[in-house]
Structure formats: structure tokens, C-alpha cells
Participant: 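Below you will find the structure I want to go over with you.
Every chain is numbered from 1 and lettered A, B, ... according to where its sequence line falls, protein lines coming before strand lines. Small disclaimer: the values here were computed from a predicted structure and weren't measured.
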Amino acid sequence: MTMLHDDLIYEILSVVSEIPEGRVASYGQIARLIGRDNNARLVGKVLSMAEYYGRYPCHRVVNSAGRLAPSFSSQRKLLEKEGVVFKKNGCVDMKIFQWNEGMT
DNA sequence: CCATTGACGAAGT
DNA sequence: TACTTCGCCAATG
């Protein structure tokens, strides 16, 4: 495990822990927040193993289209419990539920 | 060092 | 709206 990788995990999880209940963030959004604009895929990679590092609201991370992560069957239920509504195609309506980190 | 992979994203069809 | 193509880049083999 490289040092860079460890920093990456810390920064990503740090941002994830700030996502409020009932809102979602995209992988690209998180990548930008940690200064890695073109590296959304790496964020997904880290989150796929996030459970190993502790408890974080990683269910609040979806892709830019609002699509849920594969092999995370409980994700939809967890989001619905927080009031997130899904579109007919199974995606989160990003227009409504995407976290706007500029607002406090 | 080269090739492949990925919980991605934007643009094109 | 849904599917495809291509760019992206650290990590892995």
C-alpha cells in the first residue's frame, strides 16, 4: 500500500463523512473536492473497499447520472430511509438530491 | 516497462 | 431516454 493511496483514502472518506442525510454526492464531485478533477474512477475504487476502513455513509455516493453502485444491494433502501426519492429508471434525481457543498 | 482494469464522466448516436 | 465511444489516471499484474 503506497503512501499516496493512504492519503487518498483519508481524503475521500473525510469528504464522504460530510455528505448530509438525504443528499448524495457523485464520484466526480468528490474527486474535485480533493483536487483530483479527472480521477473519479479512483474514488469509486476506494469506496468499493470503504467498509474495510470503518463506518462511512458511502451509500450517499452515486455516479453522475444518479445510478447506484453495483454489489451494494442495501444502498437504495438506506437512501430511501433518508427521504431520497428514486426516478422510474432506478436513479436518484440529481437535480433535487445532489449535495451542494457550497451551502452550509 | 507495457497492458489491463475500474462503485467514472461527458459527448455523441 | 438508453446505449456506445472515448478520455481519464492510479493501481495491478
Side-chain angles (χ1 to χ4, degrees):
Chain A
M1 205 76 88
T2 67
M3 192 56 203
L4 177 58
H5 195 105
D6 289 339
D7 287 346
L8 213 53
I9 292 164
Y10 174 80
E11 294 183 52
I12 291 171
L13 295 181
S14 174
V15 171
V16 169
S17 68
E18 293 176 27
I19 308 172
E21 271 189 37
R23 312 301 297 283
V24 299
S26 74
Y27 301 97
Q29 181 180 2
I30 293 172
R32 287 193 299 279
L33 287 172
I34 65 173
R36 288 168 180 273
D37 298 25
N38 299 320
N39 218 352
R41 309 188 72 140
L42 196 56
V43 174
K45 181 94 169 171
V46 169
L47 286 185
S48 72
M49 311 188 295
E51 285 192 272
Y52 174 83
Y53 302 102
R55 277 205 272 287
Y56 294 89
C58 47
H59 62 284
R60 298 185 189 136
V61 184
V62 299
N63 76 8
S64 64
R67 181 87 186 89
L68 301 183
S71 51
F72 191 169
S73 50
S74 54
Q75 186 174 18
R76 175 164 181 155
K77 201 139 201 164
L78 289 170
L79 287 173
E80 286 176 331
K81 234 189 303 187
E82 302 182 352
V84 174
V85 177
F86 287 75
K87 297 191 290 184
K88 194 171 184 181
N89 65 5
C91 294
V92 174
D93 190 335
M94 299 302 275
K95 284 276 197 192
I96 301 175
F97 296 103
Q98 181 165 30
W99 174 40
N100 183 344
E101 71 278 1
M103 301 191 65
T104 51

Participant: Is Trp99(A) reachable from Ile12(A) through a run of hydrophobic residues whose side-chain heavy atoms are each under 4.5 Å from the next?
Facilitator: yes
Participant: Could you check how far CG of Asp37(A) sits from P of dA10(C), rounded to whole Å?
Facilitator: 12 Å
Participant: Expressed as a whole number of angstroms, how long is the span from Asn39(A):CG to dC9(C):P?
Facilitator: 7 Å
Participant: Which of these passes side-chain contact (heavy atoms from CB on, under 4.5 Å) with Val62(A): Arg67(A), Gln98(A), Met94(A)?
Facilitator: Met94(A)
Participant: Judged by atom type as modelled, is there a donor-acceptor pair below 3.5 Å linking the side chain of Gln75(A) to the main-chain atoms of His59(A)?
Facilitator: yes
Participant: Can you tell me how far the OG atom of Ser17(A) sits from the CZ atom of Arg55(A), to the nearest 0.5 Å?
Facilitator: 14.0 Å
Participant: With a 4.5 Å cut-off on side-chain heavy atoms, are Phe97(A) and Leu79(A) touching?
Facilitator: no
Participant: Please examine the side chains of Gln29(A) and Glu101(A), heavy atoms only from C-beta on, and report whether any two atoms are closer than 4.5 Å.
Facilitator: yes
Participant: Expressed as a whole number of angstroms, how long is the span from Ile30(A):CD1 to dG6(B):P?
Facilitator: 20 Å
Participant: Going by heavy atoms closer than 4.0 Å, what residues in residues 67-96 of chain A are next to DNA chain B?
Facilitator: Ala69(A), Pro70(A), Phe72(A)
Participant: Quick one: is Asn63(A) getting a side-chain N or O under 4.0 Å of the dA7(B) phosphate, OP1 or OP2?
Facilitator: no
Participant: Holding to side chain to side chain donor-acceptor pair (under 3.5 Å), I want the full list of residues that pass it with Glu80(A), two or more places apart in sequence or in another chain.
Facilitator: Arg76(A)
Participant: Ignoring hydrogens and angles, answer whether the base of dG9(B) and the side-chain atoms of Arg32(A) contain a donor-acceptor pair closer than 3.5 Å.
Facilitator: no
Participant: Give, ordered by number, those residues of residues 20-27 of chain A having at least one heavy-atom distance below 4.0 Å to an atom of DNA chain B; if nothing qualifies, reply none.
Facilitator: Ser26(A), Tyr27(A)
Participant: Output the rounded distance in Å from CG (Leu47(A)) to P (dA11(C)).
Facilitator: 15 Å
Participant: Does this structure show an ion pair linking Glu82(A) with Arg23(A), if we count only N-O contacts that are shorter than 4.0 Å?
Facilitator: no
Participant: Among dA10(C), dG6(B), dA7(B), which nucleotide sits nearest the side chain of Cys58(A)?
Facilitator: dA7(B)
Participant: For a quick test of reading the model, state the closest non-hydrogen atom pair linking Leu47(A) to Cys58(A) and the distance between them.
Facilitator: CD2-CB, 4.3 Å
Participant: Quickly work out the Lys45(A) NZ to dA7(B) C1' distance and round it to whole Å.
Facilitator: 11 Å
Participant: From CG of Leu42(A) over to C1' of dA11(C), roughly how many Å is that when rounded to an integer?
Facilitator: 8 Å
Participant: Whole angstroms only, please: what is the CD1-P distance between Ile12(A) and dA11(C)?
Facilitator: 10 Å
Participant: In whole angstrom, give the distance that lies between atom CD of Gln29(A) and atom C1' of dA7(B).
Facilitator: 15 Å
